[in-house]
Amino acid sequence: MCKKNIELICIFIVGFFSMEIFAQSNKNIQLRLDSTEMLIGGQQFLHIQCSDSLWGLKMHRVLDTLSWLNVLEDGVWEWKQPYLEKKILFTVFDSGFFRIPKPIADQDTLDQSLPALYLHVYFPQDSLTDLRAIKYIEETKSTSRLALIIGLSLIFLVLILFVLWQFFKADRAKSISYHSASPIRPWEQAMDALDLLEKGQLWQRGEIKNYYDQLSIIVRKFLSEGLFIPAMEHTTTEVKIMIDEKLSNQVENDAIIGLLNTSDLVKFANRFPGLEKHAGWMEIARAFVKSHLTLSDQLMSVNRKHYLALLGAEVSNQFEFPLETVPEVLVEAYNQSKDLATLELFTGLFTWKRFVLPANWVSLHYRNCGRFYKWQSNLFSQEGNRLLQIFLFLLSIPIIAVFLPILFLLSLWNKESLTARGIFALSRDHKIFLRKWPEA
């Protein structure tokens, strides 16, 4: 009880002194606080008003002796006639009653008898001074997982439907007839090569051997590719025999053989014809090509590589377009090996048809297939219990759906399509046609 009375008396005394804006005991310096009470850690200003800068210096020395006072901003002196005035922002981190004394004249010591400012620093009432009631742990309701479960279920369902759709599509498709871009005809190539050789003016620059060598190559290439006379692989004598057998115009035959013989003499015996002959041989070659361009087109049409001509009637009858031109990639693959293999194309989810095609074509088809098609083909193409195959297939669909993102990343890594169906497809009549143009 006595302690509480003492605190009230102290507060009364502090309040009494705070009624004074400036202490009256010393006219040379006056002090004022914003408030005589503050929370610990709070901030306020100390206002100093003095007659000259000497008293301001003395006051700073006094403040330096106060260890409990923490200056935040020192402020600046301002002239407010007839006084100098300054505001110092400070804080206090200790609780209790504190005294801010004043300096005395002509000394750096403090006069404890002079009036001073008093400051009461205290803790908040809701802080350490009051004990709080113990609160028990309260259980909170967890967030509902229903939305998450529904969302994941929908995603899983979409993945399963995607997998089923890829299998249901099977190999049936709208018939497409591919026509490769018409290559430059052999006689056109020959005429372009002759024009380019003439513009090069080789014999005019003394390159006679080079001139006749290129002229011979142009003629032989036209005979091989345009007239199907294998002149590139045979001697001139052998070529003469084949020309006389296949071409009826003996005058033209003798002229072109004369050109080949002259080229051989220049190349192997260094026997050069006169200058007046060089341009003449060029014209003989050009005339020979022009007179046989119609025959060349006819032979190209007859010898065009379509499925019927390449595979025969029995195998080509499996195709929707047996007279369609066979891509060069397939021709080369067939020439490498003429072995046959079985190709299985699906007409539905669990049904398929088998075809006999060149083994290299079947391999090329499967290389262009995605993982979905390969799994379906590997599972159902095997002989065995059909019900067991269907059960295993249906069991694998959810597993495939779960790992679909991983499978997609693997397909990107391996640079392959996940859902590709190969190069061959089924028409409505269950015939084969080329689904896409194969690449080497």
Side-chain angles (χ1 to χ4, degrees), residues 160-180 304-394 396-397 400 416-440:
I160 288 180
L161 292 176
F162 175 78
V163 174
L164 280 173
W165 170 245
Q166 293 302 323
F167 286 132
F168 268 115
K169 285 197 309 182
D171 292 306
R172 290 176 297 178
K174 184 178 179 180
S175 301
I176 301 174
S177 179
Y178 275 103
H179 297 284
S180 60
R304 182 172 58 88
K305 296 175 183 177
H306 47 67
Y307 293 105
L308 179 60
L310 188 68
L311 303 176
E314 184 177 356
V315 177
S316 63
N317 190 47
Q318 302 174 107
F319 284 86
E320 181 80 1
F321 309 105
L323 296 179
E324 184 178 66
T325 302
V326 182
E328 192 63 33
V329 175
L330 296 183
V331 174
E332 293 178 1
Y334 177 75
N335 291 333
Q336 291 173 3
S337 174
K338 293 180 173 57
D339 295 335
L340 299 178
T342 301
L343 173 68
E344 295 167 337
L345 299 179
F346 283 82
T347 59
L349 184 59
F350 306 122
T351 57
W352 65 90
K353 285 186 69 66
R354 288 187 171 95
F355 301 90
V356 177
L357 292 178
N360 286 341
W361 293 12
V362 176
S363 299
L364 185 61
H365 172 82
Y366 285 121
R367 282 203 303 269
N368 283 269
C369 292
R371 292 183 181 271
F372 282 126
Y373 180 87
K374 290 178 181 177
W375 286 333
Q376 188 180 19
S377 178
N378 291 336
L379 184 61
F380 292 107
S381 61
Q382 305 297 326
E383 297 294 340
N385 190 317
R386 177 61 63 86
L387 292 178
L388 179 60
Q389 290 176 335
I390 295 174
F391 173 75
L392 293 176
F393 175 75
L394 295 177
S396 66
I397 288 177
I400 296 173
E416 63 180 11
S417 174
L418 188 64
T419 59
R421 305 295 294 189
I423 63 174
F424 294 111
L426 280 172
S427 67
R428 293 179 179 178
D429 299 328
H430 291 176
K431 296 282 189 176
I432 307 174
F433 67 91
L434 202 61
R435 181 195 298 270
K436 66 178 182 180
W437 199 260
E439 298 179 0

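- The only member of L340, L364, I432 that meets side-chain contact (heavy atoms from CB on, under 4.5 Å) when paired with L357 is I432.
- Note: R367 CZ to I423 CD1 = 9.0 Å, rounded to the nearest 0.5 Å.
- The nearest pair of heavy atoms linking V331 to V326 is CG2-CG1, 3.7 Å.
- Taking the six-membered ring for Trp and thresholds of 30 and 60 degrees, Y307 and F319 have nearly parallel ring planes, at less than 30 degrees apart.
- Every residue two or more places apart in sequence or in another chain was checked for a side-chain hydrogen bond (donor to acceptor under 3.5 Å, both in side chains) with S396, and none qualifies.
- The salt bridge (charged side-chain N to carboxylate O under 4.0 Å, His left out) analysis of residues 420-434, with sequence neighbours excluded, yields the pairs D171-R421.
- Here the CG atom belonging to N360 is positioned 10.0 Å from the CG atom belonging to L330, to the nearest 0.5 angstrom.
- Separation of atoms CD (E320) and CZ (F424) is listed at 14.0 Å; rounding is to 0.5 Å.
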Worked verdict on L311 versus Y334 for side-chain contact (heavy atoms from CB on, under 4.5 Å):
CA-CA 9 Å; L311 303 176; Y334 177 75; 3.7 Å; yes

Please test L345 against K353 for side-chain contact (heavy atoms from CB on, under 4.5 Å), starting from the C-alpha separation and ending with a verdict.
CA-CA 5 Å; L345 299 179; K353 285 186 69 66; 5.7 Å; no

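- Considering every non-hydrogen atom in both R435 and G422, the closest pair reads CD-O, 3.4 Å.
- Closest of all the heavy-atom pairs between P322 and S316 is CB-O, 3.5 Å.
- Looking at residues two or more places apart in sequence or on another chain, you find no side-chain hydrogen bond (donor to acceptor under 3.5 Å, both in side chains) involving Q318.
- With N317 contributing its side chain and A313 its backbone, the two residues share no donor-acceptor pair below 3.5 Å.
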